[in-house]
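Take a look at the structure below.
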Protein chains: 2
Amino acid sequence: MPDEAPSTAHAHRVTPKVSYHHGDLRAQLIAAVRELVETYGPDGFSVAEAARRAGVSSAAPYKHFKDRPEILRGVVSEAMDRLRAAMEAGAAAHPVGSLEAVAAVGQAYVDFARAEPGVFRLVFSLTEGHENAPDLLTKGARCFGVVVHAVAACLDLPPDNPDVQRRAYMLWSFVHGHSFLHIDMKTKVTTAEIDDWDYLLGISHAVLASAARS
Amino acid sequence: MPDEAPSTAHAHRVTPKVSYHHGDLRAQLIAAVRELVETYGPDGFSVAEAARRAGVSSAAPYKHFKDRPEILRGVVSEAMDRLRAAMEAGAAAHPVGSLEAVAAVGQAYVDFARAEPGVFRLVFSLTEGHENAPDLLTKGARCFGVVVHAVAACLDLPPDNPDVQRRAYMLWSFVHGHSFLHIDMKTKVTTAEIDDWDYLLGISHAVLASAARS
DNA sequence: TGACCGAAGTTAGCATCTCTCACATGATAT
DNA sequence: ATATCATGTGAGAGATGCTAACTTCGGTCA
C-alpha cells in the first residue's frame, strides 16, 4: 500500500521522490537492514545501527515501523518479491511445460539462497511475524504458485489438481532442503560433489516422471 | 568433558550430584534456554531470563559460558545428540537394510522438527557459531552418517561410495525441506494432504530404486 | 496569502540486556 | 587448618528497544 506514485500528481515533480525531510527513509532503512542481516546474520542487526547507517536518529525508524520485528518483516516482504520474480524469470527462460522450466525455478531458488544466505535464512526464520502478517503468507503462497504453475504446465494438468500440488510440494521441499543444507554446511558434507543443474534436472525428472507413470 | 561421574568416588554420595553451590547449573541453564527458545522462538531468549529461571544471578551464566552464542551452541549441541539418537533408534526399529529403516530415519527427523520446532530451527540457524565450534560440525556429520549408514545397508554398498553419499544427501535434503516447510507453513500450502510415513517411504523408494537401476 | 494540520524527524529518558570486575563462599587438597 | 580455585553475588558501564514531548516542514483550505 505505501510507496505508490505520488498522490500530488501535478506539483513540481523535480526530484521525484524527495517529498519530506529525508527522502524516502523507509526503503533506505530496509536496504540498510538487508545489508546488516547479510553481513552479521539474522540476529546481528539492530534498529539503532540501521538508523545510524541511514543517517537519522535512533528513534526515526519507529515513525515507519511499529516494531523491530516489523522492520524484519519489511525486509522479508521485499525479499519475497525478488525471489518470486527470480523464479518467474527462470521459468520464462525455457519453453512452457518443459522440464527445464521446472528445474530453472529450482535453480533460481538455490541461486537466491546462495547469493543472499542471510536474507534467505531470515525469510524462513520469521515464525513470530507470520501470524500477524497475512501479506507474507500470501506472498509465500504466490512463490509456491510459481512452482505449481510450472509443474502443471509440464504435466498438462490444471494447477489445482492434487497430484500437481503434491509433486510441486515434493520439488519445493527438495529444493528448499538443498538450499538450506548448501548454505549451512558449506564444508562438504558428502564425498559426492553436487552440480546444481544436473541435480535439479534429475530431481525434477524423477518427481514428474513417476507422476506421469502412476 | 564435564558432568562426569563424581571424581571423589568414596565420599558421602548422598545427593549424588550436589557438589558445588547450586548443583550442576550448566545443564539447568541449557534446559531453561531450550524451554525459552521453544516458547518464544530462537530470538526471544535472554541470558538474564534463563538465569532467573535457574534461580541464580544474571552474572552466573558467564561462569559456564563465555558468550550468549555459546549458550545457544550448548543447546544446539545437546539437541543434536538427541536428534542423532532418535534417528538411530528409528533405524534400529526396522530390519537392517530395509527401505523402512531408511524411511524411519527420515521420520525421526520430521518428528523431532515437529516436537521441538524452536530448537530445530535454532540448530540450523547458527551460522556464526559453526566456524568457532568444530564439535557442532562433527556432530552434524555424525547425524548425516546415520542416513548414509542406512542407505549403504539398503543398497549393499560401502558407506563411502559416492553414489551412496549422493543418494543420502538427496534424502537428507528432502526430509530437511519437508520438515522446514512443515513447521513454517502449518497453514496448508498445498491442497494435497501429506501423510508423513507414506510420503517418506515413497521418497526413499524413488531415490534408492533409481540408484539401483542406473 | 496565511493559518492550520499532520507527517517525519529530533532529543531525552526509562527499562532491559550483555558482559565485566571486584568480592564472597565453600569444597578439596595438602 | 589453611591455601586454592571454581562457582556464585552485586554493582555498574555501555548498548539497545521503544515511548513521550517537542520541533520542523510540506500541503490544504478558508
Side-chain angles (χ1 to χ4, degrees), chain A residues 1-30 32-33 36-37 40 42-74 128-129, chain B residues 1-29 32-33 36-37 40-74 128-129:
Chain A
M1 39 296 269
D3 308 326
E4 294 302 312
S7 50
T8 70
H10 58 82
H12 41 63
R13 63 178 62 148
V14 290
T15 63
K17 290 219 165 183
V18 175
S19 50
Y20 283 109
H21 294 194
H22 174 100
D24 61 343
L25 183 66
R26 193 190 149 95
Q28 212 161 322
L29 278 174
I30 287 185
V33 170
L36 282 171
V37 165
Y40 302 121
D43 329 353
F45 124 85
S46 71
V47 180
E49 177 66 21
R52 224 169 283 133
R53 295 209 174 188
V56 293
S57 78
S58 65
Y62 295 95
K63 297 292 174 176
H64 294 272
F65 301 93
K66 167 178 157 290
D67 256 1
R68 186 181 190 275
E70 188 168 302
I71 303 187
L72 290 177
R73 257 176 271 146
E128 55 271 54
Chain B
M1 41 298 270
D3 307 327
E4 292 304 312
S7 50
T8 69
H10 58 81
H12 41 63
R13 64 178 61 147
V14 291
T15 64
K17 290 218 164 182
V18 176
S19 49
Y20 283 109
H21 294 190
H22 174 100
D24 60 341
L25 183 64
R26 192 190 151 94
Q28 211 160 322
L29 279 174
V33 170
L36 283 171
V37 165
Y40 303 121
D43 329 353
F45 123 85
S46 69
V47 179
E49 176 66 21
R52 223 169 283 134
R53 294 209 175 188
V56 294
S57 78
S58 65
Y62 296 94
K63 296 290 175 178
H64 293 270
F65 301 93
K66 165 178 158 290
D67 256 359
R68 186 179 190 274
E70 188 168 304
I71 302 187
L72 290 176
R73 257 175 273 147
E128 54 272 55

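The chains referred to below are lettered A, B, ... by the order of the sequence lines, with proteins before strands, and numbering in each begins at 1.
Contact annotation: R52(A) side-chain N/O to dT16(D) OP1/OP2 distance is under 4.0 Å. Look at H64(A) and you won't find any side-chain N or O under 4.0 angstrom from OP1 or OP2 of dA7(C). Remark: S57(B) is not in phosphate contact with dG10(D), judged by side-chain N or O atoms under 4.0 Å from OP1 or OP2.
Atom P of nucleotide dC18(D) and atom CD of E70(A) are separated by 10 Å, given to the nearest angstrom. Per the geometry, CZ belonging to F65(A) stands 17 Å off P belonging to dA7(C), to the nearest Å. Between the P atom of dC17(C) and the OH atom of Y40(B) lies a distance of 12 Å, rounded to the nearest Å. When rounded to the nearest whole Å, the span between CG of D43(A) and P of dA15(D) equals 20 Å. Rounded to whole angstrom, the span from the CG atom of L25(B) across to the C1' atom of dT9(D) amounts to 13 Å. Going from atom CD of E49(B) over to atom C1' of dT16(C) covers 12 Å, rounded to whole Å. Rounded to a whole Å, the CD atom of Q28(A) is 15 Å from the P atom of dA8(C).
Comparing A48(A) and A60(B) by the nucleotide of DNA chain D that holds the closest heavy atom to each, the one mapping nearer the 5' end is A60(B).
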Could you tabulate the donor-acceptor pairs under 3.5 Å formed by side-chain atoms of residues 55-72 of chain B, not counting sequence neighbours?
residue: S57(B); atom: OG; partner: A59(B); partner atom: N; Å: 3.4
residue: R68(B); atom: NH2; partner: F45(B); partner atom: O; Å: 2.6
residue: E70(B); atom: OE2; partner: K66(B); partner atom: N; Å: 3.3

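Screening L36(B), V37(B), D43(B) for a side chain to side chain contact (heavy atoms under 4.5 Å, CB included) with Y40(B), the sole residue that qualifies is L36(B).
Minimum interatomic distance between L29(A) and A54(A) (heavy atoms only, all atoms of both residues): CD2-CB, 4.1 Å. The minimum heavy-atom distance linking V33(A) with A50(A) is given by the pair CG2-CB, 3.7 Å.
Legend: residues meeting salt bridge (Lys or Arg N to Asp or Glu O under 4.0 Å) with R53(A), ordered by chain and number and at least two apart, are E35(A), E49(A).
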Give each protein N/O atom lying under 3.5 Å from an N/O atom of nucleotides 19-22 of chain C, with the pair distance.
residue: dC19(C); atom: OP2; partner: Y62(B); partner atom: OH; Å: 3.2
residue: dC19(C); atom: OP2; partner: R68(B); partner atom: N; Å: 2.9

